[in-house]
Amino acid sequence: MANKRLTGERIEVAFRSDPDVIATVLPAPLMPTGSGRVVVRVTRWVTNYCGAFTMAGLYVDSVHNGIEGEYILAMFIDGYDPALLIGREGFGEPKKMASIDLFRTQNSFVGTVDRMGTRLMTLHVDAGEDTGPAAGNGVLYSVKATLALGGGLQDDALLLAQEVEVRSPQVRPGTGSVVLGGTAHDPLDEFPVLEVLSASYATSEMGQPRPVGDSYLQAVIPKEEFLPFHYGRLDDWSAHNALDQHENGLAGTV
């Protein structure tokens with residue numbers, strides 16, 4: 001769909017993490033920038049193409065061919081299928097369903113992500129004075145890949161990049177913190193929070209993404225090389241084994 005439009009509000013906390021961990025999650029040809037910067041966001045969007053929803057993501061600073069951007073390592077969404085499918089099927093965004101909340105008490109904001117009974121993200125932001133309006137462009141990297149029947153990937157993976165322009169009528173830098181949890185399915189707690197770099201609240205508007213250069217496609221990644229990264233962003237299917245518990249008389253929530 002052309003002329004996509006989104007409007008909403010978000011909180012974000014950027015932090016410095018372990019460069020060794022960052023190096024293990026970036027699939028070549030993406031490379032670390034050396035900043036060690038990771039960003040977590042909780043955003044409430046209203047759109048003209050996939051309804052209204054709340055989402056959260058974990059983004060890792062990366063670079064390809066001299067163009068710096070944020071690699072979408074993990075993304076969670078509430079609501080319903082259209083908001084999940086359009087990003088996952090179109091851009092390879094690793095979206096999963098979760099329970100996401102964004103609360104406000106005067107100048108304090110809290111964002112949370114819960115999935116299958118585990119708290120994966122807790123963001124706290126104490127917002128300061130409004131410094132907006134502001135506008136800026138950024139690049140988001142994602143990888144599109146398709147599982148094959150019988151195992152492995154159907155084809156080589158595609159490194160995609162989209163340039164997004166964000167206009168923020170209100171921007172309120174402040175102080176903040178983030179706590180990351182983890183499970184076998186979503187091991188976000190593998191990222192140590194070494195230092196909080198920035199925190200803020202903003203209202204935002206975003207339009208149609210644009211390709212970076214002449215194309216959204218930036219590189220083709222051999223399927224054998226990307227396969228471990230693809231499995232890493234999926235659930236651990238063995239941990240969803242309800243049949244053994246059922247057959248052993250221990251049926252319950254998995």
Side-chain angles (χ1 to χ4, degrees), residues 1-12 25 27 39-60 69-103 111-123 138-149 153-155 157-164 166 180-188 204-210 216-217 226 229-237 239-240 253-254:
M1 172 181 174
N3 300 317
K4 295 177 182 176
R5 292 188 296 113
L6 305 88
T7 184
E9 60 179 347
R10 61 93 178 135
I11 60 173
E12 76 169 37
V25 301
V39 181
V40 285
R41 296 187 182 97
V42 176
T43 307
R44 184 179 290 125
W45 286 121
V46 180
T47 80
N48 70 339
Y49 62 97
C50 58
F53 56 91
T54 306
M55 61 172 288
L58 187 147
Y59 308 80
V60 180
E70 296 176 348
Y71 175 58
I72 308 171
L73 183 67
M75 186 170 279
F76 305 95
I77 193 164
D78 70 357
Y80 55 110
D81 289 347
L84 180 143
L85 293 173
I86 195 167
R88 193 168 66 183
E89 302 302 317
F91 280 101
E93 296 171 343
K95 290 181 175 178
K96 296 179 178 180
M97 300 299 292
S99 297
I100 307 169
D101 286 306
L102 178 57
F103 304 101
T112 60
V113 178
D114 293 271
R115 187 167 187 263
M116 292 186 287
T118 297
R119 175 66 51 88
L120 297 177
M121 291 184 185
T122 304
L123 285 68
V139 172
L140 293 175
Y141 287 110
S142 56
V143 178
K144 189 173 181 179
T146 303
L147 286 173
L149 291 175
L153 293 179
Q154 185 73 41
D155 299 296
L158 307 178
L159 175 63
L160 305 177
Q162 51 182 314
E163 184 177 4
V164 295
V166 180
L180 299 177
T183 66
H185 312 296
D186 305 294
L188 304 187
S204 298
E205 301 169 356
M206 191 165 66
Q208 180 76 21
R210 299 186 297 270
Y216 290 108
L217 177 61
F226 187 69
F229 295 94
H230 193 66
Y231 282 150
R233 64 187 190 177
L234 300 177
D235 280 9
D236 179 353
W237 307 120
H240 286 306
T253 302
V254 177

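In this structure a side-chain-to-backbone donor-acceptor pair under 3.5 Å is missing from Lys95 to Leu85. Between the side chain of Ser142 and the backbone N or O of Phe91 there is at least one donor-acceptor pair closer than 3.5 Å. Of the possible polar contacts, one joining the Asn48 side chain to the Asn3 backbone as a donor-acceptor pair under 3.5 Å is found. Under a 3.5 Å cut-off, the side chain of Arg44 and the backbone N or O of Leu102 do form a donor-acceptor pair. Side chain of Glu70 to backbone of Leu140: no donor-acceptor contact under 3.5 angstrom is found.
Leu188 CG to Thr183 OG1: the interatomic distance, rounded to the nearest 0.5 Å, is 8.0 Å. With rounding to the nearest 0.5 angstrom, the OH atom of Tyr141 is 15.0 Å from the CD atom of Glu93. To the nearest 0.5 angstrom, Lys96 atom NZ is 11.0 Å from Leu84 atom CG. In this structure, CE in Met121 is found 10.5 Å from CZ in Arg41, a value given to the nearest 0.5 Å.
The shortest non-hydrogen separation linking Arg233 to Ala145 is NH2-N, 4.0 Å. In plain terms, the two heavy atoms of Lys144 and Gly90 that are nearest each other are NZ-O, 3.5 Å. Contact between Lys4 and Gln208 at its shortest, heavy atoms only, is N-OE1, 2.9 Å. Shown here for Ala83 and Phe53, the closest heavy-atom pair between the two residues is CB-CD2, 3.5 Å. Of all heavy-atom pairs spanning Met116 and Asp235, the tightest one is CE-OD2, 3.8 Å. The two residues Pro94 and Leu73 come nearest to each other via the heavy atoms CG-O, 3.6 Å.
In this pair, His240 and His185 present their aromatic rings parallel. The plane angle is below 30°, not in the 30 to 60° band. Ring-plane geometry between Phe226 and Phe229 is classed as parallel, the angle between the planes falling under 30 degrees on a 0 to 90 degree scale with a further cut at 60.
Residues Val143 and His230 are not in side-chain contact: their nearest non-hydrogen atoms beyond the backbone lie 4.5 Å or more apart. Using a 4.5 Å heavy-atom threshold, the side chains of Ile100 and Thr112 count as separate. Annotation: side chain of Thr43 is not in contact with side chain of Leu6 (no heavy-atom distance under 4.5 Å). At a threshold of 4.5 Å between non-hydrogen side-chain atoms, the residues Ser204 and Trp45 count as touching. Using a 4.5 Å heavy-atom threshold, the side chains of Phe76 and Leu58 count as separate. Pro27 has its side chain within reach of Tyr71: a pair of non-hydrogen atoms, C-beta onward, lies under 4.5 Å apart. The shortest side-chain heavy-atom distance between Met97 and Ile77 falls under the 4.5 Å cut-off. The shortest distance between side-chain heavy atoms of Leu153 and Leu147 falls below 4.5 Å.
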Determine, step by step, whether Thr146 and Asp155 satisfy the side chain to side chain contact (heavy atoms under 4.5 Å, CB included) criterion, reporting the C-alpha distance in whole Å, the side-chain angles of both residues, the deciding distance to 0.1 Å, and the verdict.
CA-CA 7 Å; Thr146 303; Asp155 299 296; 5.8 Å; no
Let me see the working for Leu120 and Asp114 under side chain to side chain contact (heavy atoms under 4.5 Å, CB included), right down to the final yes or no.
CA-CA 6 Å; Leu120 297 177; Asp114 293 271; over 6 Å; no
Kindly indicate, with the supporting measurements, whether the criterion side chain to side chain contact (heavy atoms under 4.5 Å, CB included) is fulfilled by Asp186 and Val113.
CA-CA 11 Å; Asp186 305 294; Val113 178; over 6 Å; no
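Atom CZ of Arg5 sits in a sparse spot, with 12 or fewer heavy atoms from other residues, nucleotides or ligands closer than 6.0 Å.
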